[in-house]
Amino acid sequence: MGRLAEMQRKLLEQMMGPEAMGVSNANLHWSDEKVCRNFLCGTCPHTLFTNTKMDLGACPKSHTERLKAEFLAAREQNPSDPIFARFQAEYESNIFAFVDECDRRIRAAHRRLEKTPEENAKTTNLMREIAEIELAIQGGTEKIETLGEQGKVEESMREMAAIEALKSEKADKERELQQLTDTSGASGHQKLRVCDVCGAYLSVLDSDRRLADHFGGKMHLGYHELRNMLLKFKEEREKRKAAGQPVGAPVGPPGSGTPTPGGAPPGRGERDYRSSRDDYRERDRGYDRHSRYE
């Protein structure tokens, strides 16, 4: 089966369910590895970016509404089962990693638009020259006042002519600085900037219609949704922390060795707790970094 046909089959299976497609995995349990845990816990990134330049293709795992309904019902019936905490931790980790990769691209794009060392040096020199001219104008103005008080009209007029020349020179330097600011860096005359939500390049010359198309586009809205998820994850964890509940850890006796109804392997409770705890400590620092984009 070709790649395109396989992607089409996957998309149809996600929309209609494996039962309607006659797929052999119709009898899967929600805890099976073949079932997408992102889909069970919330949203799978594969579904957010279809037909965009960030299209991930069809998710390789099963998206079946029946399994999601069974998962949610089981979690509501027995929320203390450690398997649900593990699924949620995996889900949050996946979303965090996806947004973190986007932020890496954003940082790289900002670096590409930065000025070269030569441009930075020229900018610094122009700013210094403008500052020196301003000091000279200020000193000349004070000198004119002194000459006027002394009745030295001709000298005062010569000084005024010199100040006018300085003002003209200052205006030329400021225009040169503005031109350098507008055209320097990889952005050039296009005056590009980077969208801090999705990482796309935008031009300051874009029309309002074009900007509206971007901010209402599927890729931008998809990343906006993922960033909102990170904020929601953090808020929920802070609420649990304030209530004295475990944060990012399975509820129940760790390491009991008893199989869970969801099919989780026995004897993994303590290891899962430590792994989840360490992951969440690191993730908290990341949440603060990502939240600046909102």
Side-chain angles (χ1 to χ4, degrees), residues 53-54 99-217 219-221 223-224 227-228 230-231 285-294:
K53 67 178 183 180
M54 290 304 299
V99 175
D100 200 53
E101 172 61 21
C102 177
D103 288 344
R104 186 194 63 77
R105 293 197 307 272
I106 290 174
R107 291 191 294 271
H110 278 299
R111 286 194 296 271
R112 284 194 293 270
L113 296 183
E114 287 177 353
K115 296 178 181 177
T116 64
E118 293 78 11
E119 290 168 339
N120 283 328
K122 190 172 183 180
T123 299
T124 302
N125 289 335
L126 282 172
M127 293 176 67
R128 185 182 67 250
E129 291 171 4
I130 291 172
E132 290 174 352
I133 293 173
E134 288 176 345
L135 288 175
I137 291 173
Q138 182 179 353
T141 303
E142 294 174 354
K143 186 176 181 180
I144 290 174
E145 293 177 356
T146 302
L147 291 172
E149 293 173 356
Q150 295 174 355
K152 300 178 180 180
V153 179
E154 292 184 3
E155 293 182 18
S156 176
M157 294 294 290
R158 286 196 296 269
E159 192 64 33
M160 287 180 65
I163 288 179
E164 288 301 320
L166 287 174
K167 288 182 178 179
S168 178
E169 182 182 359
K170 176 174 175 286
D172 291 340
K173 297 287 185 184
E174 287 176 339
R175 280 194 295 270
E176 187 179 355
L177 178 61
Q178 183 63 46
Q179 184 179 11
L180 180 63
T181 302
D182 290 343
T183 61
S184 62
S187 60
H189 66 281
Q190 297 180 31
K191 303 179 183 179
L192 295 179
R193 60 189 178 94
V194 182
C195 176
D196 281 341
V197 172
C198 66
Y201 285 109
L202 302 174
S203 172
V204 297
L205 303 178
D206 283 339
S207 64
D208 291 343
R209 174 67 179 275
R210 188 175 180 85
L211 291 175
D213 288 342
H214 167 76
F215 292 118
M219 188 175 81
H220 182 90
L221 293 177
Y223 277 111
H224 188 268
R227 294 184 188 281
N228 283 340
L230 294 185
L231 293 177
R285 292 189 284 270
Y287 284 143
D288 292 331
R289 183 174 73 252
H290 292 303
S291 65
R292 78 178 192 273
Y293 296 111
E294 293 301 314

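Numbering starts at 1 and runs along the sequence shown. These values consider heavy atoms only, across backbone and side chains, with no hydrogens, waters or symmetry-generated copies.
With rounding to the nearest 0.5 angstrom, the CD atom of E159 is 9.5 Å from the CD atom of E155. With rounding to the nearest 0.5 Å, the separation of CG in L135 from CD in Q138 is 6.5 Å. Distance check, rounded to the nearest 0.5 Å: CG of D172 to CD1 of I130 gives 10.0 Å. Note that OG of S168 is 11.5 Å distant from NZ of K173, once rounded to the nearest 0.5 Å. Expressed to the nearest 0.5 Å, how far CD of E134 lies from NZ of K167 amounts to 11.5 Å.
Between C198 and H214 the shortest heavy-atom distance is SG-CE1, 3.3 Å. The minimum heavy-atom distance between S156 and I144, with the atom names listed, is OG-CG2, 3.5 Å. Heavy atoms only, all atoms of each residue included: G199 and I106 are closest at CA-CG1, 3.5 Å. Across Y223 and M54, no two heavy atoms sit closer than the pair OH-CE, 3.4 Å. Minimum heavy-atom separation, L202 to C195: CD1-CB, 4.1 Å. Nearest heavy-atom pair across V194 and A109 is CG2-CB, 3.6 Å.
K143 is not listed as a side-chain neighbour of T146, based on a closest heavy-atom distance of 4.5 Å or more. Looking at heavy atoms from C-beta onward, E176 lies in side-chain contact with K122 at the 4.5 angstrom threshold.
Around atom CZ of R210, no more than 12 heavy atoms belonging to other residues, nucleotides or ligands sit under 6.0 Å away. Environment of CD in Q150: crowded, with over 12 heavy atoms of neighbouring residues, nucleotides or ligands closer than 6.0 Å.
Taking 4.0 Å as the cut-off between side-chain N and carboxylate O, R104 and D100 do not count as a salt-bridged pair. A salt bridge links R227 with D103; the closest basic N to acidic carboxylate O contact falls under 4.0 Å.
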Task: Chi angles and distances behind the side-chain contact (heavy atoms from CB on, under 4.5 Å) call for H110, D196 - done: CA-CA 10 Å; H110 278 299; D196 281 341; 3.1 Å; yes
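With T141 contributing its side chain and I137 its backbone, the two residues share a donor-acceptor pair below 3.5 Å.
Applying side-chain contact (heavy atoms from CB on, under 4.5 Å) to M160 and the options M157, E164, R158 leaves one that passes, M157.
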